[in-house]
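Scroll down for the structure; my scribbles are underneath it.
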Amino acid sequence: MTAAGASPESASQAAAPSAGDKSSETDSPEILVSQAGPVAIVTLNRPAVLNAITYPMARAYGAALRAADADPGVRVVVVTGAGRGFCSGADLTRLSQGGAAIRRFVVPAEDLPTVAFRIRKPVIAAVNGPVAGIGFGYMMGSDIRFAAADAKISTTFARLGLVAEYGLAWLLPRAIGTAWSMDLLLTARAITGAEAERIGLVQYVSTGSVLDDAVAYATRLAQTSSPYSMAAVKAQVYAGLDTSADEAIRRAIELMDDSFDNPDLPAALAARAGGRPADFAPLPPE
């Protein structure tokens, strides 16, 4: 839950890229939610401190993702930061109050940075600027990552006497391999978005608006991929991280059998025959 040093900037310079509603669960203005067609945009909104995380903000983030998952009008979620940064980590005032205060900061399991793994819809991070500590956890908690070419990305933990938090010691080696994970965690050095792409930490680098690029990608997913398929594949991939190849194949065969009766298959075949996009149904409520 560490934070990089953040220098304040004026609110006029740090307007959120998208305005929206407060979280109904926490009523926090620190998380903004807006919608661009079938894409929900969740914005971390404390730009004067590079969107450093507070306890209400972390709770509101989890609530926002769950609400997007339950909304049939949303097919993909994009997460970004207001102003010039993605997330500098935990709020520095909390970190300076000692261990007991920091322990009270840790949110329930359903609102941890990995909450994105537990929703059915794809979550895409648009890393528009500096990210560190718990912000690194939010970035890695997404399914797909875009970054600005000059974004500064750091784990930060080792430079503050802390550990790899929020499951990053499990997740990071699965994303980029053991050696690069050890390098980033042990040195806590900052890398650019361009280097992050080179080692596989992010999938796409933007030289223009990272949010626009991420939303365009999300929109293509929403328009061309079956919501049923995206949810099923996401569940398969994360379950497969802890299963044997034989078990993954067995489960895939079971899911294949189910998918053959899914209405999305005839809808897609009819659309292809007619030379038009498929009209896939939204995910039903859980």
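When reading the values below, keep in mind they use all heavy atoms of this one structure, side chains included, and skip hydrogens, waters and symmetry mates.
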> Can you name the closest pair of heavy atoms from Ala222 and Pro38 and give their distance?
Replying inline: CB-CG, 3.4 Å
> For Tyr217 and Asp212, what are the C-alpha separation, side-chain angles and deciding distance, and is it a side chain to side chain donor-acceptor pair (under 3.5 Å)?
Replying inline: CA-CA 9 Å; Tyr217 177 95; Asp212 287 350; over 6 Å; no
> Do you know which two heavy atoms are closest between Ser181 and Gly177, and how far apart they sit?
Replying inline: OG-O, 2.6 Å
>> Evaluate Glu195 against Leu201 for side chain to side chain contact (heavy atoms under 4.5 Å, CB included), listing each step before the verdict.
In response: CA-CA 8 Å; Glu195 183 177 353; Leu201 191 67; over 6 Å; no
> Can you check whether Val49's main-chain N or O pairs, donor with acceptor, with Ser88's side chain at less than 3.5 Å?
Replying inline: yes
> At what distance, to the nearest 0.5 angstrom, does CG of Leu185 lie from CZ of Phe157?
Replying inline: 7.5 Å
>> So Gln35 and Asp71, do their side chains get closer than 4.5 Å, heavy atoms only?
In response: yes
> Given the rule that I, L, V, M, F, W and Y join up when any side-chain heavy atoms are under 4.5 Å apart, are Phe280 and Val76 in one cluster?
Replying inline: no
> Between the main-chain N or O of Ile119 and the side-chain N or O of Lys234, is there a donor-acceptor pair closer than 3.5 Å?
Replying inline: yes
>> I'd like to know if the side chain of Thr192 and the backbone of Asp150 have a donor-acceptor N/O pair within less than 3.5 Å.
In response: no
> Does the side chain of Leu171 come within less than 4.5 Å of Tyr166's, by heavy atoms?
Replying inline: no
>> Are the side chains of Leu255 and Gln236 in contact, using a 4.5 Å heavy-atom criterion?
In response: yes
> Is any side-chain heavy atom of Ile53 less than 4.5 Å from a side-chain heavy atom of Glu30?
Replying inline: no
> Heavy-atom distance under 4.5 Å between the side chains of Arg189 and Ser154, does that happen here?
Replying inline: no
> Are any side-chain N or O atoms of Lys152 and backbone N or O atoms of Ile191, one a donor and one an acceptor, separated by less than 3.5 Å?
Replying inline: no
> Can you tell me how far CE of Met182 sits from CG of Leu172, rounded to the nearest 0.5 angstrom?
Replying inline: 11.0 Å
> Ile153 and Leu160: same hydrophobic cluster, using ILVMFWY side-chain contacts below 4.5 Å?
Replying inline: yes
> Is atom CZ of Arg174 surrounded by more than 12 heavy atoms (other residues, nucleotides or ligands) closer than 6.0 Å?
Replying inline: yes
> Looking only at heavy atoms, what is the nearest atom pair of Arg84 and Pro130, with distance?
Replying inline: O-CD, 3.3 Å
> How far apart are the closest heavy atoms of Ala36 and Val215, and which atoms are they?
Replying inline: CB-CG1, 4.3 Å
>> Test of understanding: clusters of I, L, V, M, F, W, Y form through side-chain heavy atoms closer than 4.5 Å, transitively. Do Leu283 and Val237 belong to the same one?
In response: no
> Do the non-hydrogen side-chain atoms of Leu221 and Arg75 ever get within less than 4.5 Å of each other?
Replying inline: no
>> So does Tyr228 get a backbone contact from the side chain of Asn262, meaning a donor-acceptor N/O pair under 3.5 Å?
In response: no
> Any ion pair linking Arg145 and Glu197 (charged N to carboxylate O, less than 4.0 Å)?
Replying inline: no
>> Donor-acceptor check, side chain of Asn45 to backbone of Ile31, threshold 3.5 angstrom: yes or no?
In response: no
>> Can you confirm whether Asp242 is buried at CG, in the sense that more than 12 heavy atoms of other residues, nucleotides or ligands lie under 6.0 Å from that atom?
In response: yes
>> Check this for me, if you would: do Arg66 and Asp111 make a salt bridge, where the nitrogen-to-carboxylate-oxygen distance has to be below 4.0 angstrom?
In response: yes
> So which of Thr80, Val78, Val202, Ile124 actually passes side chain to side chain contact (heavy atoms under 4.5 Å, CB included) with Phe146?
Replying inline: Ile124
> Do any N or O atoms from the side chain of Asp69 and from the backbone of Arg120 form a donor-acceptor pair under 3.5 angstrom?
Replying inline: yes
>> Can a donor-acceptor pair be found, under 3.5 Å and without considering hydrogens, that links the side chain of Ser142 to the backbone of Met139?
In response: yes
>> Assess whether a salt bridge exists between Glu247 and Arg251, defined as any Lys/Arg side-chain N lying under 4.0 Å from an Asp/Glu carboxylate O.
In response: no
> Do you know which two heavy atoms are closest between Gly85 and Asn128, and how far apart they sit?
Replying inline: O-ND2, 3.2 Å
> How far does OG1 of Thr114 sit from CE of Met140, to the nearest 0.5 angstrom?
Replying inline: 11.5 Å
> Looking only at heavy atoms, which two atoms of Ala126 and Leu211 are closest? And how far apart?
Replying inline: CB-CA, 4.1 Å
>> Treating Arg159 as the side-chain partner and Thr187 as the backbone partner, does any N or O pair qualify as donor plus acceptor under 3.5 Å?
In response: yes
>> I want to check something: taking the side chain as every heavy atom from C-beta on, are Trp170 and Leu241 in contact at a cut-off of under 4.5 Å?
In response: yes
>> Are the side chains of Asp246 and Arg250 in contact, using a 4.5 Å heavy-atom criterion?
In response: no
> Under 6.0 Å between ring centres, would you say that holds for Tyr138 and Tyr61?
Replying inline: yes
>> Quick check against the 3.5 Å criterion: does Thr43 have a side-chain atom that pairs as donor or acceptor with the backbone of Gly81?
In response: no
> What is the distance from atom CZ of Phe136 to atom CG of Leu168, rounded to the nearest 0.5 Å?
Replying inline: 6.0 Å
> Would Leu186 and Leu184 show up in the same hydrophobic cluster when neighbours are defined by side-chain heavy atoms closer than 4.5 Å?
Replying inline: no
> If you measure from CG on Asp143 to CD on Gln203, what distance do you get to the nearest 0.5 Å?
Replying inline: 10.0 Å
>> Please determine whether residues Tyr238 and Val233 belong to a single hydrophobic cluster, defined as Ile, Leu, Val, Met, Phe, Trp and Tyr linked transitively by side-chain heavy-atom distances below 4.5 Å.
In response: no
